[in-house]
Structures are given as structure tokens and as C-alpha cells.
**Q** 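Take a look at the following structure, please.
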Amino acid sequence: MRDYLTQFAEPFGYLDFARFGPVSEPVRRVLVREADRLHRRGWAALERLDAEAVAAARTAGELLGCAPHEIAFVSSTSHGLFAAAHAFTRTPEGADGTVLVARTDFPGAIYPWLRAAEHGGLAVRQLDGPLTVDSVRAHLDDRVRAVAVCAVDAATGFRAPLAGIKELIGPDRVLVVDAVQALGAVDFDADAADVLASGGQKWLRAGWGAAVLMVRDRVAGRLGPGLGGWSGVLDPVEAPAHPCPPRPGAVAHTLTNPDGPAVAALGAALALVRDTGAGRIEARIGEVLGELLAAARGAGAETDGGPDGPAPGDSGAGAGSGIGRLRLPGADPEAVHRALTSAGLATTLRNGWIRLSPHASTRPEAAEPLAETLGRLRREVRAA
């Protein structure tokens, strides 16, 4: 873990990795190197980027428990989810079917399905979130063909019980997972996901421009190349007519070639997680977040979430994650957020709560200005 921690240099008090993660040193080196190659080497640079993409797919497969051909690279988490939403074709009986989503999930996990439904895709049934085994069971009927869920909720940090949901819905339905708040932060049930999308700009600390799209072979036969472009078909340049047959594997769902340097950077970030161990990273994040939440409670704040946060009351509920939140009774949340920012603490204000999302490299001493600022505000509230 010590070698891992030396790869980062974010500002002290940066507690906002659920929004954006300052890139790691390996990622910075890769981006500089690939920019130099593109500047100097022409086609040779493109050949090298192709090799980097192959290596990145292999690394992603090792982390997610799948074969490299089940991995493709797209521009963002949303891009991957739009590809998934448009991949569902009509059944032989002509029925479109339904997808279950949580209305409280991050909008990026909902809109792909809404837009696909407007163009003849699956009907969208929005459930009160977060999705749990019990809530999915209550809405599971013959029309449901897919369940779409965020592995970790961006607002509360709730970790979805992916394995339990997949066991419930069975092999004939598709579990689509938005993993952007999980991959690189927690050791989650990736094996349960049939389709998964995750960008690299948050916990992976790879910056924007590239995302993993995993499509497992076990569901490939139930998906069509809904958004698949020329990069997803066989011999598109030499073909006498179009459309061409889709390429095998996840690449069938790509629009075009990905951003090569961004993919190389994402590969470096994935390798750092693989070599360190997702479980070790999760444990370190949990320790730091636990200290921050304990300090907040000691200063009079209410807290929620975190690695040991309460989960919804059913047997299939998931554990916590690297996201926690706080609020100060009697204080204006916007004023609290401004005060924390002035104290050098980067956080996010959402729905009246201050979200805390530290990383393994966050210094535990950040709990001190957090407690001092909240304590001062608490005294001001009492005095008023």
C-alpha cells in the first residue's frame, strides 16, 4: 500500500473523488508519453496505441473476471449505458419488454433507458430506490427483460446487492451495472454483472475520455448492435454493401475507435488497482472515511453512509462504500458547504447533505479542519 500511496499528489483536504479524482502519477506519465508519440511518430504512434488498448482490455478482464474480448472501450459511462439500452431487440413474439431502474439513481444511469424507450426500446419502470433484492422481487414479472442499477449510489454510497439481484432475476434476464462509483474504490460483485460500464475520471483517477464497456458472452445472443458503428462490424472499409455483420465480442457495441491516449491512461489506472488489490484500497478508504465521519459526529453533525453505514432493511441489502455524508442540524447546508470550502476541504453539496468521498491517499489529518469548522458552525447555531 505504501508504494500505491506514493502515486498520488492531490491537494490536502480533497474529499470529492465521487465527483472527480485527480489523476495518478502513472496516468500523468502515460498521457505525456502518448502525446509526445502522437507529436513525433505518426502511424507508429497509432500502432503502439493499439497495443496499449489490447493490454488495457486484458487488465480490465482480470479485474472484472471476464475475457479480454468481452471488453471494449467507449468514451464515457453514459456512452456505454446508451449502447446497452439500445442493444435490446424485440423478442420473437414481438414484445419489447421492460427494464427496472431506480428513479433515485444518478440521472446518467436513467436517461439511456428513457431515450431508448422513445425509439422503441424497453419500457422503463422506475422504482423507489435504491434497488434491493426485495424491491426487484416485488416488480419482477414476465415482461421484465433487464434490471439496470448503479453498483454504488452516488448520493448516499449505498452498495447494491448485485449478486443477490442477479441470482433473483436468473440467467434469462440481463443485469446492467453502472460501476463508475465502484470500480477502483470497492471490491464489488462484478461477476454478477452481465453488462457493465465505467468511466475512469472518478475513483480510477484516469481522467476523462475513456470508459470500460463489458458485455459478457452469456448475454451476447440477447443483444443487438443497437449503437454499433463502423468500428463494430467486420471489414467495413472493404465491404461491397452495408450493413456488415457485427464483430464478435463487446466491440460490436462501439460507435467508432476510442481515444487512444485516454484508453492507455485508463489501462495504467486499472493496472494500478489490479496490482494493489481492490480489497486493500477499499479497506484504506474505509478507514479514512470512518475517521472523517467520526470527527463530524463529534462536532455535532449527523452522518450517513460510509463503509459501515446502515442499509435498507431487507436481507439482500448491500454494504456501504467509500461515500458518506453529513449535515449540521440547524445550519444552512449551503453555508456549511461554503465554510468547508474556505477551510480547504473539497466536498459536494447534494440534497441538503455534504458528501464526503475520500480516497486511499487522503490524509487522515483532514478530519481536523473538518471537525474544527463544523464545531465552530455548531456553536454559532446554538448562539443564534
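The structure displayed is predicted, hence computed values, not measured ones. When reading the values below, keep in mind they use all heavy atoms of this one structure, side chains included, and skip hydrogens, waters and symmetry mates.
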**Q** Look only at the side chain of R115 and the backbone of Y111, and say whether a donor-acceptor pair between them is shorter than 3.5 Å.
**A** no
**Q** Donor-acceptor pair, distance only, cut-off 3.5 Å: does the side chain of T77 make one with the backbone of G199?
**A**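 Checking the backbone N and O of G199 against the side chain of T77, a donor-acceptor pair under 3.5 Å is found.
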**Q** Return yes if a side-chain donor-acceptor contact under 3.5 Å exists between T6 and D3, otherwise no.
**A**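 No, because no side-chain N or O of T6 sits under 3.5 Å from a partner of the opposite role on D3.
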**Q** In sequence, state the C-alpha distance, the side-chain angles, and the governing distance for D194 and K166, and then conclude on salt bridge (charged side-chain N to carboxylate O under 4.0 Å, His left out).
**A** CA-CA 9 Å; D194 298 311; K166 181 57 186 175; 2.7 Å; yes
**Q** Atom NE2 in H139, atom CG in L127: separation rounded to 0.5 Å?
**A**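 That separation rounds to 4.5 Å.
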**Q** Using the rule that Ile, Leu, Val, Met, Phe, Trp and Tyr join whenever any side-chain heavy atoms are under 4.5 Å apart, tell me whether L289 and F158 fall into a single cluster.
**A** no
**Q** Has R125 got more than 12 heavy atoms of other residues, nucleotides or ligands less than 6.0 Å from its CZ?
**A**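 Yes, enclosed.
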**Q** Which label fits H359 and F17: parallel for a plane angle under 30°, tilted from 30 to 60°, or perpendicular past 60°?
**A** perpendicular
**Q** Compare every heavy atom of P236 with every heavy atom of C244, then report the nearest pair and how far apart it is.
**A** SG-CA, 4.0 Å
**Q** State plainly whether the residues R363 and E368 are in salt-bridge range, i.e. N to O under 4.0 Å.
**A** no
**Q** Is L204 reachable from L31 through a run of hydrophobic residues whose side-chain heavy atoms are each under 4.5 Å from the next?
**A** no
**Q** Under 3.5 Å, is there a donor-acceptor pair between the side chain of R205 and the main chain of P22?
**A**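 Flag set: sc R205 to bb P22 pair under 3.5 Å.
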**Q** Establish whether L270 and M214 are linked, either directly or via other cluster members, by ILVMFWY side-chain heavy-atom contacts under 4.5 Å.
**A** yes
**Q** Can T348 and R19 be counted as having a side-chain donor-acceptor contact under 3.5 angstrom?
**A**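 No, because no side-chain N or O of T348 sits under 3.5 Å from a partner of the opposite role on R19.
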**Q** Salt bridge check: are E47 and R41 linked by an N-O gap of less than 4.0 Å?
**A** no
**Q** Nearest 0.5 angstrom please: W208 CH2 to Q201 CD, how far?
**A**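 It is 6.5 Å, given to the nearest 0.5 Å.
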**Q** Look at atom CD of E167 and say whether more than 12 heavy atoms of other residues, nucleotides or ligands are closer to it than 6.0 Å.
**A**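 Open.
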**Q** Is any side-chain heavy atom of V101 closer than 4.5 Å to one of V124?
**A**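 When only atoms from C-beta onward are counted, V101 and V124 do touch, with a gap below 4.5 Å.
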**Q** For R143, does its backbone N or O pair with a side-chain atom of D141 as donor and acceptor, under 3.5 Å?
**A**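 The answer is yes, because a donor-acceptor pair under 3.5 Å joins these two groups.
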**Q** Hey, is the main chain of R338 close enough, under 3.5 Å, to the side chain of S342 for a donor-acceptor pair?
**A**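 Between the backbone of R338 and the side chain of S342 there is a qualifying donor-acceptor contact (under 3.5 Å).
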**Q** Take atom NE2 in H119; do more than 12 heavy atoms of anything else shown fall under 6.0 Å from it?
**A**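 Incorrect, the count does not exceed 12.
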**Q** Can you see which heavy atom on R378 is nearest to which on P329, and at what distance?
**A** NH1-O, 3.0 Å
**Q** With the threshold set at 4.0 Å, does a side-chain nitrogen-carboxylate oxygen contact exist between E372 and R376?
**A**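 No, E372 and R376 are not salt-bridged.
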**Q** With heavy-atom distances below 4.5 Å as the criterion, would you say the side chains of P358 and L292 are in contact?
**A** yes
**Q** Could you check whether S231 and T254, counting side-chain N and O atoms only, form a donor-acceptor pair closer than 3.5 Å?
**A**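 Indeed, the side chains of T254 and S231 share at least one donor-acceptor pair under 3.5 Å.
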**Q** Check whether any side-chain heavy atom of P369 lies under 4.5 Å from a side-chain heavy atom of L345, and answer yes or no.
**A**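 The answer is yes, as the side chains (C-beta and beyond) meet within the 4.5 Å cut-off.
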**Q** Any side-chain donor paired with an acceptor under 3.5 Å for T347 and D16?
**A**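 Absent: no donor and acceptor within the cut-off.
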**Q** Given 3.5 Å as the limit, does a donor-acceptor pair link the side chain of D259 with the main chain of A262, or not?
**A**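 Yes; at least one donor-acceptor contact below 3.5 Å.
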**Q** Apply side-chain contact (heavy atoms from CB on, under 4.5 Å) to D217 and E70, showing your working.
**A** CA-CA 7 Å; D217 289 342; E70 294 176 301; 3.5 Å; yes
**Q** Under a 4.5 Å cut-off applied to non-hydrogen side-chain atoms, are N257 and W230 in contact?
**A**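 In short, these two side chains touch, coming nearer than 4.5 Å.
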**Q** How close do P225 and A252 get, counting heavy atoms only, and between which atoms?
**A** CB-O, 3.7 Å
**Q** Just wondering, more than 12 heavy atoms not from Y4 lying within 6.0 Å of its OH?
**A**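 Counting neighbours around OH of Y4, more than 12 heavy atoms of other residues, nucleotides or ligands fall under 6.0 Å, so yes.
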**Q** Surrounding CG of D142 (heavy atoms of other residues, nucleotides or ligands, distance under 6.0 Å), is the total greater than 12?
**A**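 12 or below, so no.
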**Q** Do S361 and E10 have a side chain donor and acceptor closer than 3.5 Å?
**A** yes
**Q** Do R327 and V336 pass the side-chain contact (heavy atoms from CB on, under 4.5 Å) test, and can you show the C-alpha distance, the side-chain angles, and the key distance before you say yes or no?
**A** CA-CA 8 Å; R327 61 186 176 187; V336 175; over 6 Å; no
**Q** Any side-chain heavy-atom pair from L100 and V149 closer than 4.5 angstrom?
**A**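 No, their side chains stay 4.5 Å or more apart.
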**Q** Roughly how far, to the nearest 0.5 Å, is OG1 of T276 from CD of Q7?
**A**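 It comes to 8.0 Å.
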**Q** Verify side-chain contact (heavy atoms from CB on, under 4.5 Å) between F188 and V152, making sure each step is shown before the conclusion.
**A** CA-CA 9 Å; F188 65 106; V152 170; over 6 Å; no
**Q** Taking atom CG of L15 and atom CZ of R355, what is their separation to the nearest 0.5 Å?
**A** 11.5 Å
**Q** Could you tell me whether R159 and D153 make a salt bridge, using a distance below 4.0 angstrom between a side-chain N and a carboxylate O?
**A**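 Looking at D153 together with R159, the answer is no, because their closest N to O distance does not fall below 4.0 Å.
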**Q** Can you tell me how the ring of H86 sits relative to the ring of F82, calling it parallel under 30°, perpendicular over 60° and tilted otherwise?
**A** parallel
**Q** Side-chain heavy atoms nearer than 4.5 Å, only ILVMFWY residues, links allowed to pass through others: does that put F12 and F8 together?
**A** no
**Q** What residue among V195, L81, I71 forms side chain to side chain contact (heavy atoms under 4.5 Å, CB included) with L213?
**A** V195
**Q** Verify the neighbour count for atom CD of E238: are there more than 12 heavy atoms of other residues, nucleotides or ligands below 6.0 Å?
**A** no
**Q** What is the minimum heavy-atom distance between A278 and V186, and which atoms define it?
**A**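 Heavy atoms of A278 and V186 come nearest at CB-O, 4.4 Å.
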**Q** Does the pair L255 and H79 meet the rule for a side-chain contact (heavy atoms from CB on, under 4.5 Å), with working shown?
**A** CA-CA 9 Å; L255 288 168; H79 182 168; 3.4 Å; yes
**Q** What distance do R48 atom CZ and L38 atom CG have between them, rounded to the nearest 0.5 Å?
**A**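 CG of L38 is found 13.0 Å from CZ of R48.
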**Q** To the nearest 0.5 Å, how far apart are CG in L326 and CG in L340?
**A** 7.0 Å
**Q** With heavy-atom distances below 4.5 Å as the criterion, would you say the side chains of R222 and R145 are in contact?
**A** no
**Q** Salt-bridge test for R33 and D36: reply yes if a basic N is under 4.0 Å from a carboxylate O, no otherwise.
**A** no
**Q** Can you tell if the side chain of F88 reaches within under 4.5 Å of the side chain of V99, non-hydrogen atoms only?
**A** no
**Q** Please name the pair of heavy atoms, one in R103 and one in I110, separated by the smallest distance, quoted to 0.1 Å.
**A**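 Shortest heavy-atom contact: O-CD1, 3.6 Å.
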**Q** Hey, is the main chain of A18 close enough, under 3.5 Å, to the side chain of K202 for a donor-acceptor pair?
**A**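 Yes, the answer is positive, given that a donor and an acceptor are paired below the 3.5 Å cut-off.
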**Q** Can a salt bridge be assigned to the pair R325 and D304 using a cut-off of 4.0 Å between side-chain N and carboxylate O?
**A** yes
**Q** Are V273 and V263 connected in the hydrophobic side-chain network, where two residues link if heavy atoms are under 4.5 Å apart?
**A**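 They do share one cluster, since a chain of ILVMFWY contacts under 4.5 Å joins V273 to V263.
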**Q** Nearest heavy-atom pair of A211 and S76: which atoms, and what distance?
**A**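 Result for this residue pair: CB-C, 3.3 Å.
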**Q** Would you say that P246 contacts L234 through its side chain, given a criterion of any heavy-atom pair below 4.5 Å between the two side chains?
**A** no
**Q** Are there over 12 heavy-atom neighbours, none belonging to D332, within less than 6.0 Å of that residue's CG?
**A** yes
